[in-house]
Structure formats: C-alpha cells, structure tokens
Protein chains: 2
Amino acid sequence: MAQAAQKTVSDIASKARLRLWLRLLQSTRKIETELRDRLRRQFSVTLPRFDVLAALYRKSDGMLMSELSRYLMVSNGNVTGIIDRLVIDGLVVRTQRKGDRRTSIVRLTIKGVTEFQRMAEAHEGWVSELLSEFSPKDAEGLSAMLDGIQFGGKSR
Amino acid sequence: MAQAAQKTVSDIASKARLRLWLRLLQSTRKIETELRDRLRRQFSVTLPRFDVLAALYRKSDGMLMSELSRYLMVSNGNVTGIIDRLVIDGLVVRTQRKGDRRTSIVRLTIKGVTEFQRMAEAHEGWVSELLSEFSPKDAEGLSAMLDGIQFGGKSR
DNA sequence: TATGAATATTTTATGTTTGAAGTAAATGCA
DNA sequence: TGCATTTACTTCAAACATAAAATATTCATA
C-alpha cells in the first residue's frame with residue numbers, strides 16, 4: 001500500500017521530467033532549424049561548420065581536434081571530416097606541433113576570421129530575436145537553472 | 001548619445017540570450033548523447049528510430065509520413081529512410097489508404113509495440129534520472145517557460 | 001472534362017554523425 | 001631499454017539529415 005503510493009509520487013515526478021525533456025528537445029530543434037536555414041540562405045554555410053568556426057574564433061591560439069570534439073560534443077571522426085572540408089575552403093589550417101607528432105593544432109585563417117565575424121553578428125541578432133520573449137533577467141535565470149545539467153562528463 | 005546607450009542595453013540583452021541559447025544547446029546535447037548511448041547499448045536501437053516509434057506509439061491509429069515529419073521536425077526525405085529501415089526490421093508497416101493513393105499510413109506492428117514498450121519504460125527512468133535535479137514543480141515551471149518558444153511555424 | 005496548381009511522398013546529391021576499427025606516436029614502467 | 005598501454009587522430013561503413021528535384025495523385029476551376 002505504502003509502496004503503491006510511493007510509486008505514484010515518483011511516477012508523477014518522472015512524467016513531469018519527461019515533459020520537460022520533450023519540451024527542451026522541441027525548443028532546441030525549432031531554434032536550430034531556423035538558424036540552420038538562415039545560415040544557409042544568407043551565408044551558404046552549414047550549422048556544423050559555423051559551430052566549428054565559432055569554437056575556433058573563441059580560441060584564437062587554435063585547438064586540438066580532441067578539444068573541438070569535446071567542446072562541441074560530437075565524435076572525433078566527425079570533427080575530422082568537418083575540418084577537412086573547412087581546410088579545402090581555406091577557412092582553417094592545420095599546423096604541426098613540435099613535441100607531439102600525433103597532434104595538430106587547428107586555427108582559423110584570416111579568411112576564416114573575416115567570414116566568421118560577418119556571420120557571428122547576424123547570428124547573435126537572430127538568436128536574440130528568436131529568444132526575444134525572454135528578458136535578459138529571465139535569460140540569465142534560465143541559463144543558471146540549466147547549468148545544473150552537467151552530471152560529470154562520462155569518461156569514454 | 002541616446003542611441004549609443006540604447007545600443008548598449010540591447011547588446012546586453014542579446015548577449016544574455018546568446019548565453020541562454022548556448023546553454024540550451026549544451027544541455028540538450030548532453031542528455032541526447034547519454035540517451036543515444038544507453039538506447040544503443042541496452043536495446044540496439046538508434047535515437048531517431050526510437051523517436052519515430054514513440055510518435056507512432058502515441059498515435060495507435062497510425063500517422064502519415066508528413067505528420068511524422070512535422071511532429072519530429074525532420075525533413076520528409078529523412079522520414080522515408082528511417083521508416084524504410086523500420087519496415088525491414090518488422091517494427092512498422094505502411095498500409096495503403098483508399099481514397100488517396102498518394103499517402104500511406106504508417107503504423108506499429110505488434111512487434112513494434114512490444115519492443116517500444118520495453119524501451120519506453122527504461123527511457124522514462126533515464127530521463128528522470130538525468131533531470132533529477134529538477135523537482136516536479138521546477139520541471140513544470142521550466143517547461144512552461146519554454147512553451148513560449150513557438151513563434152508560429154513558418155510556412156514553407 | 002481538361003488542365004494547371006497543390007499535395008504527398010520518394011529520389012538524389014551532398015554533408016553530417018556515429019561507433020568501431022585502424023594507425024601512429026607518446027608514455028609508463030618492469 | 002623493451003614493450004604494453006594510452007593517447008590523438010583518421011578511416012570506414014552504416015545511418016541520419018537536409019534541400020532540391022522528380023514522381024504521382026488529387027484538387028480547383030474554367
């Protein structure tokens with residue numbers, strides 16, 4: 001009897017969290033789709049490419065492939081392919097690093113910096129527009145709530 | 001002068017929203033990665049397949065391809081491929097619909113229902129675990145805040 | 001009833017994306 | 001030093017994903 005009651009309480013909790021998860025997913029996809037669409041139309045760039053450029057812009061000293069993979073939370077094989085294509089387009093370079101011949105540092109080229117800056121300004125405006133219902137205060141509050149979802153990065 | 005001040009205020013707002021967006025993306029990816037991993041390990045199923053099964057389970061009368069595409073917010077061509085593979089695996093069937101020969105209704109098979117139910121229970125538990133820092137009340141509150149991100153579905 | 005527009009889906013080309021296997025280099029340590 | 005392990009990255013096969021073009025069917029309406 002007590003157990004049946006307990007079960008119901010935790011059921012309610014898990015249903016509420018499931019609804020939250022579905023809403024999170026839906027909201028994120030909606031915004032992602034819109035940003036992808038605008039980036040393609042206005043700058044002929046894909047979202048994954050933009051994400052990589054943004055990460056590299058943030059770290060002007062360059063990043064290792066593995067750093068990019070961890071930061072963007074995508075597989076390492078995936079990063080290889082995206083960087084390969086960005087190199088072909090001349091937006092990114094790989095430079096050898098003496099001391100460890102396994103690794104190479106990936107960096108934006110001048111062209112990469114220039115093109116990213118053009119996109120970034122528009123991108124920030126779009127995000128602000130798409131999230132315009134959130135006041136700065138609400139936005140900060142929501143960010144803080146979401147901060148908790150970190151549950152120590154699995155080692156794999 | 002007034003304009004410079006105005007600019008600064010809106011800058012602060014857009015930065016706060018940008019931070020929110022990055023946090024949303026990060027949180028969602030983190031949970032998605034974890035769910036994908038567990039679904040693969042425990043049930044040998046991919047996340048996109050699980051999503052399709054979940055949508056079809058919700059609508060036991062079946063769904064049109066275009067309904068699935070809209071509901072899951074993925075392209076129609078994408079749905080075709082996923083359904084093709086689910087049909088091969090015997091989890092889903094396409095049935096002709098008299099009256100409109102362009103469309104076919106997609107439905108779970110008995111096997112599809114059975115297998116999905118196994119997964120869904122585990123999935124709900126995982127989500128609840130991964131979002132355990134949110135009380136049911138917080139979860140509902142957060143869901144409600146995110147509800148606003150709907151900005152009327154573009155017509156395209 | 002023709003026939004042009006709209007609708008529903010599939011096909012195609014390209015580009016991610018993953019997970020696993022493979023390669024090469026660096027590290028730990030007996 | 002020798003050699004197993006770890007680390008960093010690439011390659012590979014399969015699946016996923018998009019956008020655009022193609023196909024097939026239905027609808028609207030003149």
Side-chain angles (χ1 to χ4, degrees), chain A residues 28-30 32-53 62-89 92 94-106 154-156, chain B residues 28-29 32-53 62-89 91-92 94-106 154-156:
Chain A
T28 304
R29 277 197 192 167
K30 197 122 197 169
E32 224 173 356
T33 298
E34 187 61 28
L35 292 176
R36 181 196 314 282
D37 202 51
R38 296 189 188 191
L39 282 171
R40 183 181 51 77
R41 286 179 198 280
Q42 310 231 351
F43 300 107
S44 298
V45 77
T46 64
L47 193 49
R49 272 169 218 233
F50 178 82
D51 288 343
V52 167
L53 294 178
M63 293 175 84
L64 299 177
M65 298 297 281
S66 47
E67 282 184 285
L68 272 170
S69 167
R70 262 193 308 280
Y71 179 68
L72 300 173
M73 288 188 283
V74 299
S75 67
N76 42 9
N78 186 4
V79 174
T80 297
I82 296 172
I83 294 295
D84 284 351
R85 285 180 286 270
L86 285 173
V87 167
I88 290 172
D89 293 348
V92 151
R94 281 184 235 242
T95 60
Q96 296 305 315
R97 189 167 67 142
K98 53 173 170 279
D100 191 339
R101 279 178 301 173
R102 290 170 308 178
T103 63
S104 60
I105 294 187
V106 179
K154 281 182 52 198
S155 58
R156 51 161 191 158
Chain B
T28 304
R29 279 200 191 165
E32 223 173 358
T33 298
E34 187 63 29
L35 292 176
R36 180 196 313 282
D37 203 52
R38 294 189 190 190
L39 282 171
R40 182 180 50 77
R41 286 178 198 280
Q42 310 231 352
F43 300 108
S44 299
V45 78
T46 64
L47 194 49
R49 276 161 148 96
F50 178 82
D51 289 341
V52 167
L53 294 177
M63 294 174 83
L64 299 179
M65 297 298 279
S66 46
E67 281 185 285
L68 272 170
S69 167
R70 260 193 309 278
Y71 179 70
L72 299 173
M73 286 189 285
V74 299
S75 66
N76 42 8
N78 185 6
V79 173
T80 297
I82 295 172
I83 294 296
D84 285 350
R85 286 180 286 270
L86 285 172
V87 167
I88 291 172
D89 293 349
L91 302 180
V92 152
R94 279 185 238 242
T95 61
Q96 295 305 314
R97 190 166 67 141
K98 52 172 170 282
D100 190 340
R101 277 178 301 172
R102 293 169 304 177
T103 63
S104 60
I105 294 186
V106 179
K154 282 181 52 197
S155 60
R156 46 162 194 161

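Every chain is numbered from 1 and lettered A, B, ... according to where its sequence line falls, protein lines coming before strand lines. The basis for the numbers below is simple: all heavy atoms, side chains too, and nothing from hydrogens, waters or symmetry mates.
Checking dG19(C), dC9(D), dA20(D) against every side-chain atom of R40(A), the shortest atom distance belongs to dA20(D).
For residues 62-80 of chain A, no pair satisfies salt bridge (Lys or Arg N to Asp or Glu O under 4.0 Å), with sequence neighbours left out.
In this structure, the CZ atom of R97(B) is 12 Å from the C1' atom of dT25(D), given to the nearest Å. For E34(B) and dT18(C), the CD to P distance is 14 Å, given to the nearest whole Å. Remark: C1' of dA24(D) and CE of M65(B) are 15 Å apart, rounded to the nearest angstrom. Distance Y71(B) OH to dA8(C) P: 20 Å, rounded to the nearest Å. Counting to the nearest Å, the P atom of dT18(D) and the CG atom of L72(B) are 10 Å from each other. Computed from coordinates, the R41(A) CZ to dA19(D) P distance equals 8 Å when rounded to whole Å. The separation between Q96(A) atom CD and dA25(C) atom P is 11 Å, rounded to whole Å. Taking atom CZ on R70(A) and atom C1' on dC9(D), their separation rounds to 13 Å, with Å as the unit.
Put simply, CD on E32(A) and CG on D37(A) are 12.5 Å apart, with the number rounded to the nearest 0.5 Å. Residue D89(A) holds its CG atom at 5.5 Å from CZ of R49(A), rounded to the nearest 0.5 Å.
Counting all heavy atoms, side chain and backbone alike, Q96(A) lies closest to T103(A) at OE1-O, 4.1 Å.
Between N78(A) and L72(A) there is no side-chain heavy-atom pair separated by less than 4.5 Å. Side-chain contact between V106(A) and L64(A): absent, with no pair of heavy atoms (C-beta onward) separated by less than 4.5 Å. M65(A) places none of its side-chain heavy atoms less than 4.5 Å from the side chain of N76(A).
At a threshold of 4.0 angstrom between heavy atoms, the contacts of S104(B) are confined to the sugar-phosphate backbone, with no base atom among them. Base engagement by T80(A) is indicated by at least one non-hydrogen atom pair under 4.0 Å involving a base atom.
Annotation: of the two residues near DNA chain D, R94(A) and N76(B), the 5′-most nearest-nucleotide partner is R94(A).
Between K30(A) and E34(A) no salt bridge is recorded (no basic side-chain N to carboxylate O distance below 4.0 Å).
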Report all interatomic pairs (protein N or O, nucleotide N or O of nucleotides 27-29 of chain D) with separations under 3.5 Å.
none

What pairs of nitrogen or oxygen atoms, one from the protein and one from nucleotides 14-17 of chain C, lie under 3.5 Å apart?
unit_1, atom_1, unit_2, atom_2, d
dT16(C), OP1, T46(A), OG1, 2.8
dT16(C), OP2, R49(A), NE, 3.0
dT16(C), OP2, R49(A), NH2, 2.6
dT16(C), OP2, R85(A), NE, 3.0
dT16(C), O5', R85(A), NH2, 3.0
dT17(C), O5', N78(A), ND2, 3.4

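OP1 or OP2 of dA24(C) has not a single side-chain nitrogen or oxygen of R101(A) nearer than 4.0 Å.
A donor-acceptor contact shorter than 3.5 Å is absent between the side chain of R29(B) and the backbone of V74(A).
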